[in-house]
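Heads up, the thing below is written out as structure tokens.
If you're wondering where the values come from, they're calculated on a predicted model, not measured in any experiment.
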Amino acid sequence: MDGLRDPDVETFVGAMGTRIRADAETVGVGLRTLEIQVRLHLPRLSRPAIAGWSPDKVYEEIRLQAVVRAAQVCQSAEDAAHQAHASVLLNVHKAHRDLSLSFGDGYRTRLRFAEVRPSAGNLVQSRLHYLHSERADTVAQFGLFLPGATMPITYAAFSRCDRQYVLDALTGHGLDVSPDRIMVLTRMHGLAGIPANLMSLTIARAVREIRTENAGDYVITAYNPMLGFDGASFLASGFKPIALSPVAYRYDDKGLFQTRRMSGESVPQLLDTPDNVLMVLGVTPAAKRNAGGIGDLIRVSSRTHSGGDHVRPLKADFASPEWRDRLLGYRRMLEPSWSDRTVHPRYQESPVAAGDPRGQCGVTSVWLARRLRTDLLLEPVYCYGRLRVGRDDVRDDGSDDAEDVSHHCWVEIGPAHDPRRFVIDLTGDQSDGVREPIILGEHRALADRGLRYEAAASLRLDELPRDRVWPRFLALDDRLRDRDELRRRT
């Protein structure tokens with residue numbers, strides 16, 4: 001795997017080691033934290049620049065962006081460490097497999113493995129993780145907690161497999177697997193100062209939870225050698241390399257790195273960078289045997305990776321009675337978790353009754369969009385706009401005074417200009433002209449019934465973390481998680 005390092009990058013980092021260390025000390029960040037950001041922003045420059053310019057000139061080109069991102073991580077890490085009770089880790093001697101910690105002074109304590117609250121996980125992904133990018137499709141997130149802490153000292157987040165090239169990496173080795181049986185380990189993070197083996201222990205406990213919940217047969221992840229990672233935690237957890245895959249580096253107008261899932265204008269990398277290493281871990285006994293038989297690595301082509309093809313979604317007949325019942329069940333499940341923290345601000349002045357859908361359409365639609373992605377591997381669209389209720393020919397003569405919903409959110413499936421695209425609205429009864437709690441059907445057919453959905457903005461699920469609805473959705477997700485935990489305890 002050492003051959004996946006870029007010689008020009010390694011030469012540059014070695015030459016600039018003193019300056020990088022000095023900047024890290026000046027800003028008050030860890031040396032490794034800043035070095036990762038330096039490496040992450042280098043692909044913005046071309047090969048001739050990195051190899052031909054002086055190291056000092058190259059560093060000045062990406063220094064500001066690297067320092068800014070590292071400083072942001074450091075600032076958030078201080079608060080997270082306080083909430084995680086990380087000061088307890090001073091003088092820790094050893095972390096044991098049973099999650100107990102022993103200290104040089106004889107003190108012992110035990111860590112708690114648990115799900116991470118969505119709002120805490122969002123903080124890790126958006127502020128503490130080096131990518132600074134939330135995964136809107138996160139379906140499970142776990143961590144190790146010190147006694148009484150609200151933030152984890154280690155963190156692991158999982159999503160469903162939605163990229164065809166990841167699926168191909170498994171099927172290319174002859175494995176017969178469905179994408180809905182693959183969990184992707186998308187984010188890992190550990191606070192500074194934790195014992196080295198805690199990351200592999202976190203992975204092991206998370207995989208055990210996935211097996212217990214029958215949530216998948218395989219876990220896929222990747223590490224990036226160019227950023228200085230060696231995959232040690234993954235190898236210690238039993239992961240096996242299966243493929244080499246390109247990496248997409250993109251940068252915004254300020255030169256800051258952003259993932260290709262993030263919205264907004266971006267500029268692609270100029271540097272031809274080394275591959276990531278894709279790795280697999282079998283969750284079930286059969287999957288473990290299959291993964292153990294994998295030999296040579298598959299190479300994912302740049303064309304396949306850059307295409308970003310999504311896996312084929314699972315079939316679902318939303319017009320069927322079974323799906324209508326399921327959607328009604330979603331609505332009933334969400335209602336108790338609606339609150340003044342999840343409602344749109346315009347409804348704050350006049351609080352609505354419990355279970356009233358007014359102002360809850362945004363968070364409900366985000367939840368539904370994510371559920372459709374994770375359960376069916378669909379690419380739903382979150383829409384914001386207006387719901388006009390009543391036929392034009394009836395309304396013109398004043399015989400129908402049904403109320404429109406002027407600020408409304410819903411979910412659509414299908415191309416934006418296709419009249420047959422499917423609309424799913426879990427809070428359509430915000431209008432007094434709608435008696436059913438949910439509305440679903442083809443866009444054209446609904447319009448013929450006098451339900452005209454007019455979108456002013458449409459966002460993909462991956463774009464939603466940058467929208468103003470996201471903090472309110474996290475409050476809803478926290479409430480759902482807390483209610484589910486309470487049910488399990490009782």
Side-chain angles (χ1 to χ4, degrees), residues 125 131 133-140 157-173 175-187 215-222 242-250 258-264 266 268 275-276 278-280 298-318 323 365-383 410-418 420-424 442-443 455 457-467:
Q125 294 193 23
L131 290 179
S133 173
E134 311 96 317
R135 282 291 296 255
D137 60 349
T138 297
V139 295
F158 298 82
S159 297
R160 291 292 180 190
C161 174
D162 66 343
R163 300 294 186 185
Q164 187 63 40
Y165 78 88
V166 176
L167 178 61
D168 291 345
L170 283 174
T171 59
H173 283 287
L175 302 185
D176 182 15
V177 60
S178 173
D180 62 312
R181 298 299 298 170
I182 302 171
M183 295 287 273
V184 182
L185 175 53
T186 60
R187 299 287 187 270
D217 298 322
Y218 296 92
V219 174
I220 289 276
T221 194
I242 59 170
L244 300 177
S245 174
V247 187
Y249 299 85
R250 305 192 68 88
Q258 62 180 37
T259 69
R260 63 175 177 170
R261 290 179 181 266
M262 297 171 68
S263 61
S266 62
D275 289 336
N276 268 1
L278 294 184
M279 309 186 79
V280 67
I298 289 175
R299 186 175 292 275
V300 177
S301 70
S302 297
R303 181 176 181 179
T304 299
H305 182 268
S306 62
D309 291 342
H310 289 267
V311 299
R312 187 185 302 276
L314 304 181
K315 293 183 178 180
D317 180 7
F318 294 109
W323 258 101
S365 296
V366 175
W367 183 91
L368 177 62
R370 189 172 71 174
R371 189 64 182 257
L372 294 175
R373 162 81 73 82
T374 57
D375 285 2
L376 300 175
L377 305 175
L378 286 165
E379 287 303 311
V381 177
Y382 170 92
C383 297
W410 64 94
V411 170
E412 293 184 359
I413 301 170
H417 300 294
D418 186 349
R420 297 172 299 175
R421 66 190 184 275
F422 208 84
V423 173
I424 306 179
E442 291 186 356
H443 191 274
S458 300
L459 298 173
R460 296 178 293 105
L461 178 63
D462 294 326
E463 297 175 303
L464 288 174
R466 296 293 184 270
D467 191 80

Check [Y] with [X], please: is the shortest side-chain N to carboxylate O separation under 4.0 Å?
X	Y	result
D162	R160	no
E442	R421	no
E134	R466	yes

### Task
Kindly indicate, with the supporting measurements, whether the criterion side chain to side chain contact (heavy atoms under 4.5 Å, CB included) is fulfilled by V280 and H173.
CA-CA 11 Å; V280 67; H173 283 287; over 6 Å; no

[X] and [Y]: which non-hydrogen atoms are nearest, and at how many Å?
X	Y	result
D275	V247	C-CG2, 4.2 Å
S266	R250	OG-NE, 2.6 Å
M183	A140	CE-CB, 4.4 Å
L167	C161	N-SG, 4.1 Å
A157	L185	O-CD1, 3.4 Å
R373	R261	NH1-NH1, 4.0 Å

To the nearest 0.5 Å, tell me how far [X] [atom1] sits from [Y] [atom2].
X	Y	atom1	atom2	result
T138	Q125	OG1	CD	4.0 Å
F158	T374	CZ	OG1	15.0 Å
W367	L372	CH2	CG	8.5 Å
D217	I182	CG	CD1	8.5 Å
K315	L378	NZ	CG	13.0 Å

### Query
Quick one: which of T186, L377, L461 gives a side chain to side chain contact (heavy atoms under 4.5 Å, CB included) with D137?
L461

### Query
If you count the non-hydrogen atoms of other residues, nucleotides and ligands that lie under 6.0 Å from CG in D317, is the total more than 12?
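For D317, atom CG is crowded (more than 12 foreign heavy atoms under 6.0 Å).
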
### Query
Is the shortest heavy-atom distance from the side chain of I424 to the side chain of I413 under 4.5 Å?
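Sidechains of I413 and I424: in contact.
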
### Task
May I ask you to test the F318-L376 pair for a side-chain heavy-atom distance under 4.5 Å?
yes

### Message
For the residue pair H443 / R420, report whether a side-chain donor-acceptor contact shorter than 3.5 Å exists.
### Response
no

### Query
Side chain of S178, backbone of R181: donor and acceptor closer than 3.5 Å?
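A pair under 3.5 Å: no.
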
### Task
Would you confirm whether T304, through its side chain, and Y165, through its main-chain N or O, come within 3.5 Å as a donor-acceptor pair?
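Such a contact is absent between T304 side chain and Y165 backbone.
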
### Message
Does S133 form a side chain to side chain contact (heavy atoms under 4.5 Å, CB included) with R187? I'd like the steps, not just the answer.
### Response
CA-CA 10 Å; S133 173; R187 299 287 187 270; 3.8 Å; yes

### Query
Step by step, would you call Q164 with H310 a side chain to side chain contact (heavy atoms under 4.5 Å, CB included)?
CA-CA 5 Å; Q164 187 63 40; H310 289 267; over 6 Å; no

### Steps toward side chain to side chain contact (heavy atoms under 4.5 Å, CB included) verdict (I220, I242)
CA-CA 10 Å; I220 289 276; I242 59 170; 3.7 Å; yes

